[in-house]
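Since the structure comes first, as structure tokens, the remarks are kept for the end.
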Amino acid sequence: MTERNATDEPSYVEGAMLITTNLSIQTPPHFGFWSTVHSHGWCALPPFHVDKHRRTLTRLLDLRDGTLVHCELRDGSGHIVVNVQSHKKLVDDQREEIKASLREALRLREDLSEFYGVARRTPRYRWVHSAGAGRLLRAPTVFEDVVKMICTTNCSWALTETVVGNLTRFLGKQFAGDICSFPSADALAGVSESFMRRTIRSGYRSPYLLELAERVAGGRLDLESWRSSSLPSGDLFREVRSIKGIGDYAAGNILKLLGRYDYLGLDSWVRGKYYELHKRGRRVSDRTIERHYAPFGRWRGLFFWLEMTREWYKQKFPF
DNA sequence: GCGTCCAGGTCTACC
DNA sequence: GGTAGACCTGGACGC
């Protein structure tokens with residue numbers, strides 16, 4: 001089907017008049033909207049938000065010209081219905097930018113045909129294709145993905161939610177009420193380490209986050225080029241790994257969000273899951289886990305992650 | 001309510 | 001190259 005836009009309609013949120021624009025984004029065959037949204041924890045971190053009752057994913061986008069738009073995504077048939085709210089009427093370029101950002105986040109342009117071919121030939125992964133699983137939700141920007149990944153290291157998920165929530169609340173741009181954007185590198189680079197520690201609660205990760213933001217804001221580090229990098233995965237891994245605060249776990253998972261699945265990105269949760277599924281709870285070395293998935297070649301990280309999270313799909317996403 | 005212990009990745013110093 | 005200890009927070013637990 002062709003992509004289409006509907007007419008602009010005004011509405012009101014907390015006294016502010018908002019313009020509503022309806023957009024539609026075509027999806028590839030066998031795309032699973034909810035399988036992608038719930039592919040990992042990003043959907044629970046602002047400025048993403050899942051509304052279980054309305055069956056929507058919402059996301060605040062900060063466009064290149066500084067315009068904030070609130071997007072509410074719904075699963076359509078062969079397309080995604082996007083309800084966009086903005087303070088001013090959107091022009092064509094802005095509409096296209098919104099659709100491009102959402103395609104990036106939902107990985108709609110990623111060619112997974114080879115991966116699905118392997119999955120269909122492997123009995124224990126035949127469910128993947130029919131579930132529309134395999135696309136891992138990511139942020140519209142690499143900067144946001146990297147910051148969030150650092151915020152997942154060495155802490156509970158509850159703390160990750162707290163820190164990311166504080167980043168958007170205190171350093172993002174306010175759209176309406178408590179709906180704020182993810183902070184830009186400029187905004188993050190402009191605060192002190194003590195503010196990060198006391199207010200953002202990012203603890204010892206604070207200097208790492210500030211150094212990252214300062215390098216990006218100063219133009220000394222181009223994270224966004226990573227998504228189109230021609231570097232071999234090993235070289236890209238080493239480049240990602242060279243950022244302070246990013247070790248093997250974080251780098252492996254950032255590579256997955258860049259479309260490279262050569263690394264497993266092991267943390268305590270997935271190790272425990274592997275022991276449970278394959279070794280009756282007995283611990284084994286990381287090398288043993290890596291050997292197990294080596295036959296899947298460049299898709300091993302994706303097969304590994306989907307096997308570890310298969311229960312989520314069976315339970316229709318319990319989070 | 002308070003204090004203590006522990007889990008969670010990464011960095012750095014040291015061997 | 002491998003290892004120990006520090007980093008910081010929040011949850012669990014005992015008192």
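All heavy atoms count here, side chains included; hydrogens, waters and symmetry mates do not. Each chain gets a letter, A, B and so on, in the order the sequences are listed, and its residues count up from 1.
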inquiry  = Nearest whole Å is fine: how far is C:dC7 P from A:Glu193 CD?
reply    = 13 Å

query = Any ion pair linking A:Asp145 and A:Lys148 (charged N to carboxylate O, less than 4.0 Å)?
reply = no

key: CA sep, side-chain torsions, deciding dist, call: A:His87, A:Phe175, ring-ring contact (aromatic ring centres under 6.0 Å, His included)   = CA-CA 9 Å; A:His87 293 290; A:Phe175 176 76; 4.8 Å; yes

request  = Measure the acute angle between the ring planes of A:His30 and A:His129, then classify it against the limits of 30° and 60° as parallel, tilted or perpendicular.
outcome  = tilted

ask   = Can you check whether A:Ser268 has a side-chain N or O nearer than 4.0 Å to OP1 or OP2 of B:dA7?
value = no

message = I'd like to know if the side chain of A:Ser184 pairs up with that of A:Asp186 as donor and acceptor (distance under 3.5 Å, no hydrogens or angles considered).
response = no

task = Would you classify A:Ile150 as touching base, sugar-phosphate or nothing, given that sugar-phosphate means primed atoms plus P, OP1 and OP2, and contacts are heavy atoms under 4.0 Å?
result = nothing

message = Can a side-chain donor-acceptor contact be found between A:Tyr249 and A:Thr152 if the only test is distance below 3.5 angstrom?
response = yes

message = On the nucleotide B:dC11, are OP1 or OP2 found under 4.0 Å from the side-chain N or O atoms that A:Arg241 carries?
response = yes

Report each atom pair, protein N/O against N/O of nucleotides 12-15 of chain B, whose distance is under 3.5 angstrom.
| residue | atom | partner | partner atom | Å |
| --- | --- | --- | --- | --- |
| B:dT12 | OP1 | A:Lys244 | NZ | 3.2 |

inquiry  = Surrounding CZ of A:Arg227 (heavy atoms of other residues, nucleotides or ligands, distance under 6.0 Å), is the total greater than 12?
reply    = yes

query = Can A:Lys273 and A:Glu276 be counted as an ion pair, charged N to O under 4.0 angstrom?
reply = yes

inquiry  = Under a 3.5 Å threshold, yes or no: a donor from one side chain and an acceptor from the other, between A:Ser233 and A:Arg260?
reply    = yes

message = Without decimals, in angstroms, what is the distance between A:Tyr249 OH and B:dC11 C1'?
response = 17 Å

query = Rounded to the Å, how far apart are A:Asn253 CG and B:dT10 C1'?
reply = 15 Å

N/O-N/O pairs, protein side and nucleotides 9-11 of chain C side, under 3.5 Å:
| residue | atom | partner | partner atom | Å |
| --- | --- | --- | --- | --- |
| C:dG10 | OP2 | A:Arg201 | NH2 | 3.1 |

key: Between B:dC11 (C1') and A:Leu209 (CG): distance, integer Å   = 15 Å

